[in-house]
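Working notes for the structure below.
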Amino acid sequence: MSTAEFSIIDEVESAIRLGSAEKGLETARRVTDLFLSSAGSFDNEQIALFDDVLERLIGTIELRAIADMGARIALAEISAQLAPIAQAPPSVIRRLANNDEIRIAGPVLQESARLDDGELVKIASSKGESHLLAVAGRWWLKEIVTDALLARRYPSVSRRLAANPGARVSGNGFAVIVGQADPELAVSVGVRVDLPSDLRRRLLRSATDTVRTRLLSRAPPHLFEEIQGAIAAVTVGVEREMSVVRDFEGAKRAIANLKATGQLTEATLLGFATQRRYEEAVAALAALSGSTIEVIRPLMQSLREDGLLVPCKAAQLSWETTAAVLESRFATGAMKPADIARAKNNYARMTSENARRTLRFWQVRAL
């Protein structure tokens, strides 16, 4: 380190030894400025040195901050300066993030890349609503963090997560959000592409006509038809097979046996589909198209039929069998004639080669 840097470190030692609050604040600002001026060029050893001296200084300032607004402002400024720095001293960042004063903790909770998932979960489990709101606003959050945030059941946190496109939410997490949904939250979560279809339908069941209209007005183009179809299904009381918890292990074994004995044919799939034997139909279509249940099942769960046409065409199924597979998605009722006609036209235009290529791409993504 340079002579100037060593000089400031000597200053730190003096400020801590003398216990001068004013000197501590001044030195902390100078050390922070020095770090920020060359943060991108420091190696790990130099960062660790800054981490040590800054954390010691902040420890002395925190004692004063209990009764001194100026000290709290100084810590908030340091937090705001260090939050966007990828190489920020990690111990300092953790100390600031755990401060009970949200003006101090907020900047690093919202932005600092130095906070790992474990630290964020710890904060989500122990701090107050304002701290959780700051974490919920981070651009990128994994399910382990959002689960911890949602476990505290703050509606304000649910609203912020629902509106945050960079927050990944588990099925259990979405269930918490849907269970809390007021009109505004219902709209925010209802237009999320990653909301499981069964939860979207549950949300729509209890939604008012006003909320349903707002959902359609806010829906992105690729989600509009799915929400529109879900509203129609809820309105007429049609229940989808995908709402049921399914066990595919028995179906997989049965289809594997049929395939091994040469009995797995298009006619077999047609029989399963016509009888609304959902698990067997999914497993049979996966085997005939050379795909997997993990790829086929989401296509069967979608309220849109275009994705399901792909494995049907890859398996070179007739339109009669394909239509039966489309219908088997419903426990009762049938598709609208206009939807059937549109699907038939799309199926006729699709080539087996393109369908197989698309299906292979989906399989790679599903791994």
Side-chain angles (χ1 to χ4, degrees), residues 72-73 75-86 88-200 202-204 206-207 211 214-215 218-220 223 227:
R72 293 199 292 275
I73 291 173
L75 288 176
E77 290 173 351
I78 291 173
S79 178
Q81 289 175 305
L82 294 177
I85 307 301
S91 296
V92 170
I93 293 295
R94 287 192 293 271
R95 185 163 193 143
L96 292 170
N98 281 279
N99 195 288
D100 289 335
E101 174 64 58
I102 188 58
R103 284 179 296 181
I104 297 170
V108 295
L109 289 178
Q110 291 173 356
E111 191 172 2
S112 179
R114 283 295 201 182
L115 294 172
D116 61 22
D117 293 337
E119 188 65 34
L120 293 173
V121 167
K122 178 183 173 184
I123 289 168
S125 303
S126 61
K127 292 295 183 179
E129 182 177 4
S130 58
H131 287 64
L132 272 62
L133 279 169
V135 175
R138 291 173 71 89
W139 168 243
W140 184 255
L141 289 170
K142 294 182 181 178
E143 289 94 334
I144 188 174
V145 180
T146 57
D147 278 349
L149 290 167
L150 291 167
R152 301 290 300 281
R153 307 287 174 142
Y154 287 114
S156 60
V157 174
S158 295
R159 284 192 290 271
R160 182 158 294 183
L161 286 174
N164 182 353
R168 292 167 53 182
V169 182
S170 69
N172 288 337
F174 273 125
V176 171
I177 295 176
V178 170
Q180 295 176 318
D182 55 24
E184 190 60 40
L185 180 53
V187 173
S188 295
V189 72
V191 297
R192 284 190 62 125
V193 177
D194 53 346
L195 177 67
S197 296
D198 59 329
L199 288 176
R200 197 186 319 277
R202 173 180 158 190
L203 183 74
L204 290 167
S206 58
V211 169
R214 290 181 61 197
L215 269 169
R218 290 268 305 275
L223 200 57
I227 293 178

| Taking the side chain as C-beta and beyond, is there a heavy-atom pair between Val176 and Asn172 under 4.5 Å? | no
| task | Indicate the atoms forming the closest heavy-atom contact of Val108 with Ser79, along with that distance. | result | CG1-OG, 3.5 Å
| message | According to side-chain contact (heavy atoms from CB on, under 4.5 Å), who are the partners of Asn98, at least two apart in sequence or on a separate chain? | response | Glu119, Ile123, Lys127
| field | Donor-acceptor contact present, side-chain Arg200 to main-chain Gly190, <3.5 Å | value | yes
| message | I'd like to check Val135 versus Leu141 (side-chain heavy atoms, cut-off strictly below 4.5 Å). Are they in contact? | response | yes
| From CG (Leu215) to CG (Leu204), nearest 0.5 Å | 6.0 Å
| Roughly how far, to the nearest 0.5 Å, is the NZ atom of Lys142 from the CZ atom of Arg168? | 7.0 Å
| query | Once you round to the nearest 0.5 Å, how far does CD1 of Ile104 lie from CD of Glu77? | reply | 11.0 Å
| How close do Ala76 and Pro107 get, heavy atom to heavy atom, and via which atoms? | O-CG, 4.5 Å
| query | Among pairs that include at least one residue of residues 129-140, which meet side chain to side chain donor-acceptor pair (under 3.5 Å), considering only residues two or more places apart or in two chains? | reply | Glu129-Ser156
| Do you know the tightest heavy-atom contact between Ala186 and Val211? | CB-CG1, 3.9 Å
| Between Arg114 and Ala88, is there a donor-acceptor pair closer than 3.5 Å when you use the side chain of the first and the backbone of the second? | yes
| Asn99 versus Arg95: any side-chain heavy-atom pair under 4.5 Å? | no
| task | Would you please test Arg160 and Leu149 for side chain to side chain contact (heavy atoms under 4.5 Å, CB included) and show each step? | result | CA-CA 11 Å; Arg160 182 158 294 183; Leu149 290 167; over 6 Å; no
| query | Can you tell me how far the CZ atom of Phe174 sits from the CG atom of Leu199, to the nearest 0.5 Å? | reply | 8.5 Å
| field | Heavy-atom closest pair, residues Leu203 and Ala181 | value | CD1-CB, 3.7 Å
| field | Side-chain touch Ile102/Leu133, heavy atoms, less than 4.5 angstrom | value | no
| At their closest point, which heavy atom of Leu161 faces which heavy atom of Ala167, and how far apart are they? | CD2-CB, 3.9 Å
| request: Compare all side-chain heavy atoms of Leu115 with those of Arg94 and state whether any distance is below 4.5 angstrom. | output: yes
| request: Just do the side chain to side chain contact (heavy atoms under 4.5 Å, CB included) check on Leu195 and Ile177 with the steps written out, would you? | output: CA-CA 10 Å; Leu195 177 67; Ile177 295 176; over 6 Å; no
| field | Heavy-atom side-chain contact between Ser206 and Arg202 under 4.5 Å | value | no
| request: Enter the distance from Ile73:CD1 to Glu101:CD here, rounded to the nearest 0.5 Å. | output: 10.0 Å
| message | What's the separation between atom CZ in Arg218 and atom CD1 in Ile227, rounded to the nearest 0.5 Å? | response | 10.0 Å
| task | Determine yes or no for a side-chain-to-main-chain donor-acceptor pair under 3.5 angstrom, with Gln180 supplying the side chain and Arg153 the backbone. | result | yes
| query | Is there side-chain contact between Ser158 and Leu185, with at least one heavy-atom pair below 4.5 Å? | reply | yes
| Heavy-atom pair of closest approach, residues Pro89 and Leu82 | CD-CD2, 4.3 Å
| field | Val121 and Asp147, any side-chain heavy atoms less than 4.5 Å apart | value | no
| Do any N or O atoms from the side chain of Arg159 and from the backbone of Ser188 form a donor-acceptor pair under 3.5 angstrom? | no
